[in-house]
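A short write-up of the structure that comes next.
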Amino acid sequence: MRLATWNVNSVKARLPRLLEWLAEARPDVVCLQETKCAAEAFPVAEVGELGYEAAAHGDGRWNGVALLSRAGLADVTPGFPGEPGFGELDSVGAARPEARAIGATCGGIRVWSLYAPNGRTVDSPHYAYKLAWFAALRDALVPELAAGPLVACGDYNVAPTDADVWDPALFVGSTHVTPPERRALAELRDLGLTDVVPTPMKGPHPYTYWDYRAGMFHQNKGMRIDLVYASADVAGQVRSAYVDREARKGKGPSDHAPIVVDLER
DNA sequence: ATGCCTATCGAGGATAGA
């Protein structure tokens, strides 16, 4: 089974690139993030022509996650139990969750496509929201992991180590590298999840994101913030994994590259 | 190292991303 995860930064704007990439890489299961489209606006027919079933969870303008599969797509779950929201409070004092998680069972694996909150700055309410979201995700994954094989893929918006950012000194005091964010990842791994680190196609660092500006991709000044966290049984079946930096090149790319994982199953 | 890009909504400029 070939599994992939990709923050496409708008599925509408990226549709030609996405379809081209699907036809070439031919993954069996794909986790998409930042689709930036409502569930009913997701290009189901277009990916269907390539043989994929699709499940989308969307807010419209922001966020949005989806799953594509040609290995079955059952028990689709938009969001997870206890997922915190952000913004205006409803009558019972709760904020509506954003479209940041979707799960489904594909080919015998429970697959989650995740888009963690950015956090903005450490003194922002968005940062507290980010940490609360990770804590709730951890709790929600406990019963999921007990049930069988699982992968939680996506844009975690956290660089696990200083080696995962091109210049750690520039990031001191910024989000994506703070100890509480890294602890949140460690707590997920403590549940029994393994960080499936992909092979970079170029250079020593498996970066998955490069800013659009100032020739960052060209200079390979990137970050590894897209992650594949696999349960022990799935991690043991990983044959290979790589960052497809070719997909970051050319006209109209996403600012993230896909991660492709080949499993012995 | 922020908003020098990019995308969205909507018709200009605000909001968001990491």
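Remember, it's a predicted structure, so these values are computed and weren't measured experimentally. Naming: A, B, ... by sequence-line order, numbering from 1 per chain.
- Take A:Tyr52 and apply the ring pair (Phe, Tyr, Trp, His ring centres under 6.0 Å) test, not counting sequence neighbours, and it matches no residue.
- Chaining together hydrophobic side chains whose heavy atoms lie under 4.5 Å apart places A:Met1 alongside A:Leu3, A:Val29, A:Val65, A:Leu67, A:Leu73, A:Val76, A:Ile102, A:Ile109, A:Val111, A:Tyr115, A:Val151, A:Val196, A:Val228, A:Val234, A:Val238, A:Ile259, A:Val261, A:Leu263.
- Annotation: ring-ring contact (aromatic ring centres under 6.0 Å, His included) contacts involving residues 234-265 of chain A, sequence neighbours excluded, comprise A:Tyr209-A:His256.
- As judged by a 4.0 angstrom heavy-atom cut-off over every strand, A:Asp226 is placed among residues making no nucleic acid contact.
- Where A:Asn157 and A:Met216 each meet DNA chain B at their nearest nucleotide, the meeting point lying more 5' is that of A:Met216.
- Pairs engaging residues 101-111 of chain A under the side chain to side chain donor-acceptor pair (under 3.5 Å) rule: A:Thr77-A:Arg110, A:Thr105-A:Arg110, A:Arg110-A:Glu144 [sequence neighbours left out].
- Backbone-only engagement by A:His256 is indicated by non-hydrogen atom pairs under 4.0 Å involving sugar-phosphate atoms exclusively.
- Between A:Thr121 and A:Lys221, the one whose closest nucleotide on DNA chain B sits nearer the 5' end is A:Lys221.
- Side-chain contacts under 4.5 Å among hydrophobic residues (ILVMFWY), followed directly or transitively, place A:Leu131 together with A:Val122, A:Tyr127.
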With the sugar-phosphate defined as primed atoms, P, OP1 and OP2, and the base as all remaining atoms, what B/S/- string results for nucleotides 3-8 of chain B, 5' to 3', for protein heavy atoms under 4.0 Å?
BBBSSB
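- The side chain of A:His176 contributes no N or O atom lying less than 4.0 Å from OP1 or OP2 of B:dG17.
- Contacts classified as ring-ring contact (aromatic ring centres under 6.0 Å, His included) and involving residues 88-110 of chain A (residues at least two apart or in different chains) are not found.
- Considering only residues two or more places apart in sequence or on other chains, A:His176 meets the ring pair (Phe, Tyr, Trp, His ring centres under 6.0 Å) condition with none of them.
- With P as the reference atom, B:dG3 and B:dT8 are 22 Å apart, rounded to whole Å.
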Dot-bracket summary - DNA chain B, pairs being Watson-Crick or G-U whose distances fall under 3.5 Å, with | when paired to another strand
....(((((...))))).
